[in-house]
Amino acid sequence: MKIWVDADACPNVIKEILFRVANRVGVAVTLVANHHVRVPPSPHIKSIQVESGFDVADNYIVQQAEAGDLVITADIPLADELITKGAHALNPRGEMYTKDTIKQRLQMRDFMETMRSSGIQTGGPAPLSQSDRQNFANKLDSFVAKNHKK
């Protein structure tokens, strides 16, 4: 099992949690972004910079991720592709996307996009709270404990 991170929009506090887990249990964590992302020196952590462009990082992650891998992303269409491929997707707030929930999330995303494009102000997501960070850390620890084999 490997952990892939859609790093373009991943909050720094979430990256720090991932770095600690990578070093604690020896799981490979790869951050993918279209800009340079600094990572601490570690044999378990690396950063890959892809070309700039719409969905270039997402496409790279889809190509590289394998069934059983975990991807950290808030991108719902990306999560859908990964779940279809047999990978797992966890958002930075600690919500594990599943086959049962992803279609509903896609429909809600599309609905909100339609509202925004018609001029309705929908606002963005709330800032990441301490509770969100704790939920993410708990879900990540649980997933890694269950799925990572040294």
Side-chain angles (χ1 to χ4, degrees), residues 1-106 108-109 112-113 116 122-150:
M1 180 202 85
K2 296 178 184 170
I3 297 175
W4 299 90
V5 183
D6 182 6
D8 285 321
C10 186
N12 287 331
V13 66
I14 298 303
K15 292 175 193 168
E16 293 297 326
I17 293 168
L18 289 160
F19 297 158
R20 285 193 300 270
V21 167
N23 287 320
R24 187 178 75 233
V25 300
V27 64
V29 172
T30 304
L31 289 84
V32 181
N34 60 20
H35 62 279
H36 175 71
V37 177
R38 288 179 27 159
V39 297
S42 169
H44 309 293
I45 303 167
K46 69 180 179 177
S47 174
I48 295 177
Q49 183 176 348
V50 296
E51 293 180 23
S52 292
F54 185 71
D55 285 345
V56 175
D58 295 355
N59 293 337
Y60 181 89
I61 292 169
V62 170
Q63 290 169 356
Q64 299 300 313
E66 298 177 358
D69 286 355
L70 176 65
V71 179
I72 310 305
T73 185
D75 185 313
I76 297 168
L78 173 59
D80 183 42
E81 282 189 74
L82 292 160
I83 290 168
T84 299
K85 190 174 179 176
H88 304 274
L90 175 66
N91 79 18
R93 295 181 188 276
E95 178 188 356
M96 186 68 77
Y97 298 112
T98 66
K99 287 180 183 180
D100 296 332
T101 63
I102 196 67
K103 299 303 179 197
Q104 178 185 6
R105 294 295 305 245
L106 275 170
M108 181 57 75
R109 176 194 170 274
M112 297 302 283
E113 182 65 32
R116 283 189 293 273
T122 59
L128 203 63
S129 69
Q130 182 61 38
S131 173
D132 292 331
R133 288 178 253 195
Q134 188 62 51
N135 191 34
F136 175 82
N138 290 342
K139 288 282 173 62
L140 178 64
D141 282 344
S142 174
F143 184 88
V144 170
K146 184 174 160 188
N147 295 284
H148 177 63
K149 316 278 190 280
K150 282 193 172 185

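Nothing fancy with the numbering, it's 1 onward along the sequence.
In this structure, OG in S129 is found 7.0 Å from CZ in R93, a value given to the nearest 0.5 Å. L78 CG to Y97 OH: the interatomic distance, rounded to the nearest 0.5 Å, is 9.5 Å. Interatomic distance, K146 NZ to H148 NE2, rounded to the nearest 0.5 Å: 16.0 Å. For the atom pair CG (L90) and CG (L82), the distance works out to 12.0 Å, reported to the nearest 0.5 Å. Put simply, CD1 on I48 and NE2 on H36 are 13.0 Å apart, with the number rounded to the nearest 0.5 Å. Q63 CD to E81 CD: the interatomic distance, rounded to the nearest 0.5 Å, is 10.0 Å.
In this structure, R24 pairs ionically with D141, as a charged nitrogen and a carboxylate oxygen lie closer than 4.0 Å.
Between the side chain of D80 and the backbone N or O of I76, no donor-acceptor pair lies under 3.5 Å. Looking at S47, its side chain never comes within 3.5 Å of a backbone N or O of R38 through a donor-acceptor pair. Under the 3.5 Å distance criterion, the side-chain polar atoms of D132 are left unmatched by any main-chain donor or acceptor of P92. In this structure a side-chain-to-backbone donor-acceptor pair under 3.5 Å is missing from S142 to N138. One N or O on the side chain of N147 and one on the backbone of F143 form a donor-acceptor pair closer than 3.5 Å.
More than 12 heavy atoms of other residues, nucleotides or ligands sit less than 6.0 Å from atom NZ of K85.
Using a 4.5 Å heavy-atom cutoff, the side chains of T101 and M96 are not in contact. Taking the side chain as every heavy atom from C-beta outward, R133 and L128 approach each other to under 4.5 Å. In this structure, the side chains of T30 and I3 stay at 4.5 Å or more apart for every pair of heavy atoms. Counting heavy atoms from C-beta on, the side chains of K15 and L31 come closer than 4.5 Å. Between I72 and F136, some side-chain heavy-atom pair lies under the 4.5 Å cut-off. You'll find the side chain of T73 stays beyond 4.5 Å of the side chain of N91, heavy atoms only. Side-chain contact between L70 and W4 is absent, with no heavy-atom pair separated by less than 4.5 Å. Within the 4.5 Å cutoff, the side chain of D75 has heavy atoms near those of the D58 side chain.
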* Asked: Are V21 and V144 close enough, and set up right, to give a side chain to side chain contact (heavy atoms under 4.5 Å, CB included), and what steps lead you there?
  -> CA-CA 9 Å; V21 167; V144 170; 4.1 Å; yes

* **Worked check of side-chain hydrogen bond (donor to acceptor under 3.5 Å, both in side chains) between H88 and D69** => CA-CA 6 Å; H88 304 274; D69 286 355; over 6 Å; no

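Side chain to side chain, H44 and N23 fail the donor-acceptor criterion of an N or O pair below 3.5 Å.
Here the closest heavy-atom approach between residue V5 and residue C10 is recorded as CG1-SG, 3.9 Å. Residues H35 and A7 approach most closely at CE1-O, 4.5 Å, considering heavy atoms.
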